[in-house]
Amino acid sequence: MLDLRPVIYVIGLLVAVLGVTMLIPVVVDLLDSNPDWQVFLQSAMVTMLIGGSMALSTANGVGKGLTIQQTFLLTTGVWVALPIFGALPFALGELDARPVDAFFEAMSGLTTTGSTVLSGLDDLPKGLLFWRGLLQWFGGIGIIVVAMVFLPELRVGGMQIFRSEGFDTFGKILPRATEISSRISVIYFTLTALCALVYFSLGMGFFDAITHAMTTIATGGYANYDASFGAFGAGAEYAAVVFMLLAALPFVRYVQILQGTARPLLHDPQVRAFFMTLVVIVLIMALWRWLAAGQFSEEALRKTLFNLTSILTGTGYASQDYMLWGGFPVVMFFFVGLIGGCAGSTACSIKIFRYQLLLSSIKAQIQSIHSPHGIFTPRYGGRRVDEEVLSSVMGFFVFFVATLGVTAVALGLTGLDFTTSISGAAAALANIGPGLGDQIGPAGNFSGLSDTAKWILIAAMLIGRLELLAVFVLFTVTFWRG
């Protein structure tokens, strides 16, 4: 029989920790003389009480490594439980948000999607703005640990190719997760602090620098203003590009740099492919805008670089309404969002390495057609790729496209137009943030959607953040039979 005690224990601990962090916005609101601090204090007490009770009541069930079943349940359960409690300040505070809107905002935050149902951000209490940033910051480091510890062991979407780099964890997931997260946490915090310092030196206010640093390194994209990054100057945009790119690289490479070698980072095939992809799409878009405008300008190049980097990494900031750039840029932005950053980073979407494996497999197939008697095997980084990895990657692509189609159709059934449906599905499933069109594009938000549409998008955010298969497996009979 499946023992749920270890799963509930870990979830309870994390819920309790989330409750403790709610005390930070309490201090922020107190310093800002905002009465909303009482809401955060109440939310913190409730969250810590329930989380602590869950952990204490199941502590006797912890003592050995997690099984595969327990690991799948834990991976999904955490990303369901935390948004429930993370939504409390939105529902109980000054916003008085409806449950679906509060849960949408919390899920979007913790999955680092960045889609929002809130407007009038410029006038929201600082504690609430800081809480949004904290949710994304926690979600960012959380997904790094999941991508390095859990997903390779669960053999989800080809992630097992990184098992040797994410440490050997099977049967030792809890202690190994602690070891890995402690190393990553130092790097994650350092990058955040450095980003905040740079933002502050470029003219951002102290509060804005910290909150935007958290959402930049998490590649989440929550901003403190309705204008997003359009509220800041050119220097901040260039700085954001640098830190979004740093956050989209594999964090295990930073660990190796601290250990004295930068060679793995410089020779990582997905890192090189990631930067090559960015350079190519920026050059294409910049050239198109240059020809369309008839003149070159630094501002056009900067806006192109910033917004494409934001969408490619899944951050979701916007410094300009790129829906006004023309038909070709809009199509480009849609497909760029489906690329993503590197595995083991805070970036989202399909990820560069999967496209590399797909192209390597296609190349091998073409070669075998040309030379039927030859033996051609797909390779990644000079190494032969196992059939199991390729099968997992192909399965991921099939599931992604199928899920994208089903989600878009479901959104269409709620009355949304084609552009809003397909881009909304992609934005949620790939955890990009903004969609396309007047309603959910870079100049809009998701508040005008029906409750049904919001619940569909909430599910898509969760499924996309956990690489699809980690969630879908829970709906199979064989999983529950063990």
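- Side chain to side chain, Arg289 and Thr304 meet the donor-acceptor criterion of an N or O pair below 3.5 Å.
- A cation-pi contact, defined as under 6.0 Å to the ring centre and within 45° of the axis, links Arg354 to Phe396.
- Between Phe232 and His212, a ring centre-to-centre spacing shorter than 6.0 Å is recorded.
- Thr215 and Trp137 are not linked by any side-chain donor-acceptor pair at a separation below 3.5 angstrom, with hydrogens and angles left out of the test.
- Inspection of the Asn224 and Thr211 side chains reveals an N or O donor paired with an N or O acceptor under 3.5 Å.
- For the residue pair Thr216/Tyr199, the side-chain donor-acceptor check at 3.5 Å is satisfied.
- Side-chain contact check for Phe243 versus Val198: some heavy-atom pair is nearer than 4.5 Å.
- Thr315 and Thr313 are linked by a side-chain donor-acceptor pair at a separation below 3.5 angstrom, with hydrogens and angles left out of the test.
- In this view, Glu387 satisfies the salt bridge (Lys or Arg N to Asp or Glu O under 4.0 Å) rule with no residue, not counting sequence neighbours.
- With hydrogens and angles left out, the side-chain atoms of Thr219 and Thr112 include no donor and acceptor closer than 3.5 Å.
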Side chain to side chain contact (heavy atoms under 4.5 Å, CB included) assessment of Phe90 paired with Phe103:
CA-CA 8 Å; Phe90 298 113; Phe103 191 55; over 6 Å; no

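- Ile210 has its side chain within reach of Phe130: a pair of non-hydrogen atoms, C-beta onward, lies under 4.5 Å apart.
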Ring pair (Phe, Tyr, Trp, His ring centres under 6.0 Å) for Phe472 and Phe475? Distances and angles first, verdict last.
CA-CA 6 Å; Phe472 284 141; Phe475 296 94; 7.1 Å; no

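- Taking the centre of each ring, Phe400 and Phe397 stay at or above the 6.0 Å mark.
- Closest of all the heavy-atom pairs between Trp131 and Pro25 is CE3-CG, 3.8 Å.
- No side-chain heavy atom of Asp208 sits under 4.5 Å from any side-chain heavy atom of Phe200.
- In this structure, Phe138 has its ring center no closer than 6.0 Å to that of Tyr188.
- Between Thr277 and Tyr355 the shortest side-chain heavy-atom distance does not fall below 4.5 Å.
- Cation-pi contact between Lys126 and Phe207: present, with separation from the ring centre below 6.0 Å and deviation from the ring axis of at most 45°.
- Within the structure, side-chain hydrogen bond (donor to acceptor under 3.5 Å, both in side chains) contacts touching residues 318-332 (residues at least two apart or in different chains) are Glu237-Ser319, Asn307-Ser319, Gln320-Trp325.
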